[in-house]
Amino acid sequence: MRLQVFLQLSPIALAIIVYLVGSGLFIAGATCICFLFLQYLLLDKQGTEHPSRLHILFDPKHDTLVDVVAVQGLGSTYPYTWEGKKESINPQTRKREVDRVMWLKEFLPKDLPAARIMAFEYNSKWLYDADFQGLHEHASALLNALVDQRRESPSRPILFIGHSYGGLVIKKALILSHRSKMDPPDPQQWIADAESGIIFLGTPHQGSNHAMFALIGSLIYRPFGGNYTHVLKLLSDGDVLVELDRDFKGVLSENQKKRMICFYETKGQTWSWPLGLLVTRTSAYLGQGAEAAMECTHNEMNKFFNRNERYEKFIGEVKRVYDPLVNPGANEVVKKKLYKRLSARIVDGSAYSSTNVGHCTAETCEDILIQLMSWAYDSDPRAAKVYWLTGMAGTGKTTIAYTFCERLKHEGILGASFFCSTIANDTHKMDHVFPTIANALGVHSQRVADALLEALKDTKVSDMTLNDTIVALISGPTAIEKSPFHGKTRIVVLDGFDQVEDRNRVEALFSLILGHIGGVALKFFISSRPLFDKLDGATQLLRYNLDSRPERDVRKDIMLYVRQRLGLLATRLGDEREGWPTEDQVDAVVGRATPLFIYAATVCTYVGERSNNQIKRRLQAVIDNAPVKGSTQSPTSKVDALYAQIIDAASWEFNNDIKDVLGLIIVARDHLSIQSIASLSFPRDRTDGESRVSDAVSTLRSVLSVPSDQDEGIKVIHSSFPDFLTDRDRSKEHYYKRSQCHRKAATNCLHLMEALLDRDGTWGLQDLDASLVDVQNRADISSGLAYACIHWISHVIEVYHLEAASAMELESDILSFFNIRVIRWLAHMSVLGKVDLAAESLRKLELENMVRYI
């Protein structure tokens with residue numbers, strides 16, 4: 001028997017053994033022979049059949065929207081290839097025990113509830129008992145199995161998952177499917193059309209440097225069924241792989257190329273001795289689609305024992321492909337119809353992605369973010385549907401909300417976001433919040449969009465009460481029984497809820513949300529300053545107050561942030577850094593800042609906005625600065641002192657212009673560009689307005705976000721800054737009275753319209769058509785004039801609310817407007833597409849008992 005075994009060895013295998021012995025490596029040669037003999041005694045008979053087939057691991061039946069097909073790699077057997085395992089010693093028997101988890105069956109159905117999950121089994125052995133089939137045969141078997149399983153739904157999207165060689169099988173199958181289109185009609189062509197995403201797990205698109213070792217093993221094992229045909233496909237720079245890669249890229253559409261993700265291993269493989277990376281990052285990346293690292297060895301890439309960080313990263317990437325397949329959102333026609341119906345109450349630019357907030361610094365606020373993600377995924381029907389994050393101004397609520405939105409979007413469960421602010425256009429208007437959210441939800445789901453259009457068929461959104469809005473636009477269309485998001489719960493993020501214009505209605509709004517949230521496929525995350533202690537319906541509410549967070553955790557996070565920001569400035573200093581900043585300086589900033597992140601952020605921006613030779617001096621000046629004289633040691637006293645210092649430094653250079661510019665910015669109804677601010681601040685003297693404004697705002701970059709493009713709007717970085725300016729007790733000599741700021745804004749709007757609208761004297765109603773033609777023939781209306789036309793009445797009404805007596809000072813300008821230029825104004829509003837707003841604004845004047853002006 002032994003002689004027969006050795007006589008069956010191929011000449012190459014014998015040559016390897018002879019070479020080892022002839023080279024003096026007797027032990028290696030003897031070991032090789034003994035190993036061969038031992039394996040011969042242990043192996044099954046050659047020729048065992050391993051039919052290829054698809055295993056259905058999970059089937060949602062009628063709810064199936066996508067097929068997920070996993071294809072194993074070389075040298076593995078089903079089901080072990082997809083099982084994560086954990087070895088342990090039984091303390092009683094002292095025997096080794098192995099726990100196994102088939103993650104395709106245990107984990108994936110929970111994450112992809114609308115997917116039928118299948119695993120393709122084929123004989124992937126190469127070392128022994130192989131079937132001598134090649135890539136073409138395996139790919140054909142995969143196609144045939146898929147065609148048989150998909151006869152009732154041939155167009156259903158397919159998401160492939162391929163480990164190692166399995167990825168090459170998928171590529172070859174799609175090539176064959178595409179080629180079948182050139183022949184008489186063949187069901188196989190449906191597979192290429194249905195392919196909607198591929199997850200490659202360590203697929204050697206350009207081969208493996210270790211393929212030669214596998215080839216030698218295959219040759220040695222050939223008497224026992226070893227098959228080197230498979231391994232040849234993996235040889236680096238092989239013609240087979242080059243041709244396969246070229247053909248595969250040639251059959252993919254541009255959209256299909258974008259829906260591929262290539263994972264690569266980061267840890268080397270060890271088999272008795274270190275082998276390194278079996279498939280390098282370069283080989284694992286196809287050159288198209290996305291790539292992602294997986295912290296494991298090659299053989300661990302397709303095995304998950306628990307939902308650890310590695311699995312969460314993997315499933316997050318899978319969901320990025322999966323989510324658009326099961327919930328493609330409304331079609332473009334429906335989106336346009338929905339937007340048109342809701343446009344009167346939609347605020348563009350209110351979503352998190354439109355803000356200038358930014359995410360949390362790495363490793364900060366992780367305890368809160370982990371808690372938030374756990375709440376978001378909690379499917380217990382008894383769990384709270386509303387998470388309320390509170391904290392005083394500057395504690396990082398908005399940054400946490402922004403980071404939460406990023407993570408929710410990555411997980412595919414962000415429904416909508418609305419960031420309220422008194423310093424952004426209309427985002428402070430409560431009546432705009434839910435129509436804007438409803439529109440975003442409709443974009444994500446055709447079912448929601450259809451339900452919204454039905455609800456709005458006979459009703460205008462502007463005529464709805466707040467309760468009607470929530471019922472018709474939120475709870476009705478997103479009811480769980482309608483499965484609006486195909487079994488998923490979407491998260492709606494509302495930030496800065498204390499910033500809405502009517503704070504007296506916030507408690508009532510909370511109650512409405514809690515009253516209607518029970519039966520919907522939504523959860524609400526709301527952040528605000530502390531508003532009230534008790535609330536009806538609290539069983540649906542989970543609350544966390546940042547002000548009660550342990551000081552050591554807050555200080556640690558602020559320390560990380562300050563070190564990173566000042567470290568970047570130190571790098572900028574280069575050779576001049578000389579140990580800057582010192583530990584004492586960092587500790588001083590952190591001590592001053594805690595618990596206000598906004599203090600740390602403002603200090604770092606303020607210090608870094610100047611030239612290198614002033615950075616060190618500015619930091620020390622901030623540390624040496626004392627709180628505002630005469631102020632009590634309130635929670636905001638330190639940030640108040642910092643704001644006062646910033647304004648003092650700016651006013652030293654541009655005192656008068658600073659007052660005019662800041663006064664307008666803190667009450668503006670929209671983000672204004674430098675050109676707009678100049679024309680509104682100096683409406684009758686515009687010779688050097690833009691340069692004056694540019695110089696003024698350049699000294700306030702630590703509190704204002706000033707874009708490099710002068711046509712973009714300037715934004716206040718944090719609401720605590722206008723809060724400081726408009727609070728006499730906090731700001732002292734830097735106080736800005738809101739009524740006066742609004743009055744000046746209204747006056748300047750009227751003066752700018754006087755300068756730009758008046759033409760040929762008084763215009764009557766009979767001249768409206770001529771005025772329209774005249775305006776339409778002119779160049780584009782300037783941004784400053786557009787702002788004046790749209791918002792002047794809003795400023796007038798605000799003055800009337802805050803200080804009625806002050807409104808009398810506007811009377812002559814308003815009378816002049818209605819006597820001379822109201823027709824011109826209507827013509828401009830028509831061109832701007834704001835005729836409805838013009839009518840609504842005039843009605844508001846009437847309701848405010850200001851009819852005498854009209």
Tell me every residue that passes salt bridge (charged side-chain N to carboxylate O under 4.0 Å, His left out) with [X], counting only those two or more places apart in sequence or in another chain.
X      : value
Asp99  : none
Glu332 : Lys335
Lys257 : Glu254
Glu366 : Arg407

If I take atom [atom1] from residue [X] and atom [atom2] from residue [Y], how far apart are they, to the nearest 0.5 angstrom?
X      : Y      : atom1 : atom2 : value
Gln269 : His298 : CD    : NE2   : 7.5 Å
Gln564 : Thr364 : CD    : OG1   : 8.5 Å
Ile491 : Phe525 : CD1   : CZ    : 11.0 Å
Arg490 : Ile437 : CZ    : CD1   : 14.5 Å
Arg563 : Thr361 : CZ    : OG1   : 13.5 Å

On a heavy-atom basis, which atom in [X] and which in [Y] lie closest, and how many Å separate them?
X      : Y      : value
Ser177 : Ala192 : OG-N, 2.9 Å
Leu286 : Cys262 : N-SG, 3.6 Å
Tyr78  : Thr81  : CA-CG2, 4.4 Å
Leu57  : Ala119 : CD1-CB, 4.1 Å
Gly268 : Thr297 : O-CG2, 3.4 Å
Arg150 : Pro157 : NH1-O, 4.2 Å

So, are Asp247 and Lys172 salt-bridged, with charged N and O less than 4.0 Å apart?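 No, Asp247 and Lys172 are not salt-bridged.
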
Under the side chain to side chain contact (heavy atoms under 4.5 Å, CB included) rule, collect the residues that match up with [X], sequence neighbours excluded.
X      : value
Tyr339 : Ser343, Ile346, Asp348, Asn439
Leu414 : Tyr352, Cys405, Leu408, Lys409, Val493
Arg53  : His55, Glu121
Thr266 : Tyr264, Ala293, Glu295

Tell me, yes or no, whether the heavy-atom count around Lys249 atom NZ, taken from other residues, nucleotides or ligands under 6.0 Å, exceeds 12.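 Count over threshold, so yes.
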
Does any N or O in the side chain of Ser140 come within less than 3.5 Å of the main-chain N or O of His136, such that one atom is a donor and the other an acceptor?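 Yes: the side chain of Ser140 pairs with the backbone of His136.
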
Among residues at least two apart in sequence or on other chains, which ones pass ring pair (Phe, Tyr, Trp, His ring centres under 6.0 Å) with His359?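 By the ring pair (Phe, Tyr, Trp, His ring centres under 6.0 Å) rule, His359 matches no residue at all.
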
Who passes side chain to side chain donor-acceptor pair (under 3.5 Å) against Tyr311, sequence neighbours left out?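 Applying side chain to side chain donor-acceptor pair (under 3.5 Å) to Tyr311 gives Asp111.
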
Start with the C-alpha distance between Tyr402 and Phe404, add both sets of side-chain angles, then the distance that settles ring pair (Phe, Tyr, Trp, His ring centres under 6.0 Å), and finish with yes or no. CA-CA 5 Å; Tyr402 183 98; Phe404 188 37; over 10 Å; no

Could you tell me whether the side chains of [X] and [Y] share a donor-acceptor contact shorter than 3.5 Å?
X      : Y      : value
Ser417 : Asp495 : no
His205 : Lys171 : yes
Arg281 : Tyr285 : no

In sequence, state the C-alpha distance, the side-chain angles, and the governing distance for Asp193 and Ser155, and then conclude on side-chain contact (heavy atoms from CB on, under 4.5 Å). CA-CA 7 Å; Asp193 293 336; Ser155 61; over 6 Å; no

Might you work through the side-chain contact (heavy atoms from CB on, under 4.5 Å) test for Leu325 and Leu65, ending with a clear yes or no? CA-CA 8 Å; Leu325 300 179; Leu65 297 174; over 6 Å; no

Check step by step if side-chain contact (heavy atoms from CB on, under 4.5 Å) holds for Asp709 and Glu712. CA-CA 6 Å; Asp709 186 348; Glu712 293 183 17; 3.8 Å; yes

Working for side-chain contact (heavy atoms from CB on, under 4.5 Å), residues Val101 and Asn306: CA-CA 8 Å; Val101 173; Asn306 52 35; over 6 Å; no

With sequence neighbours excluded, give me every salt bridge (Lys or Arg N to Asp or Glu O under 4.0 Å) pair touching residues 308-318.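 Pairs touching residues 308-318 that pass the test: Arg307-Glu312, Glu317-Arg320.
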
Hey, could you give me each pair passing salt bridge (Lys or Arg N to Asp or Glu O under 4.0 Å) that has a residue in residues 155-166? Not counting sequence neighbours.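 Only Asp67-Arg156 qualify under salt bridge (Lys or Arg N to Asp or Glu O under 4.0 Å).
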
Please name the residue in the list Val66, Ile198, Ile261 that meets the side chain to side chain contact (heavy atoms under 4.5 Å, CB included) test with Val321.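 Only one option passes, and that is Ile261.
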
Would you call the rings of Trp103 and Phe314 parallel, tilted or perpendicular if under 30° counts as parallel and over 60° as perpendicular?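 Geometry flag for Phe314 against Trp103: perpendicular rings.
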
For the pair Trp82 and His163, name the ring-plane relationship: parallel under 30°, tilted 30 to 60°, perpendicular over 60°.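 The rings of Trp82 and His163 stand perpendicular, inter-plane angle above 60°.
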
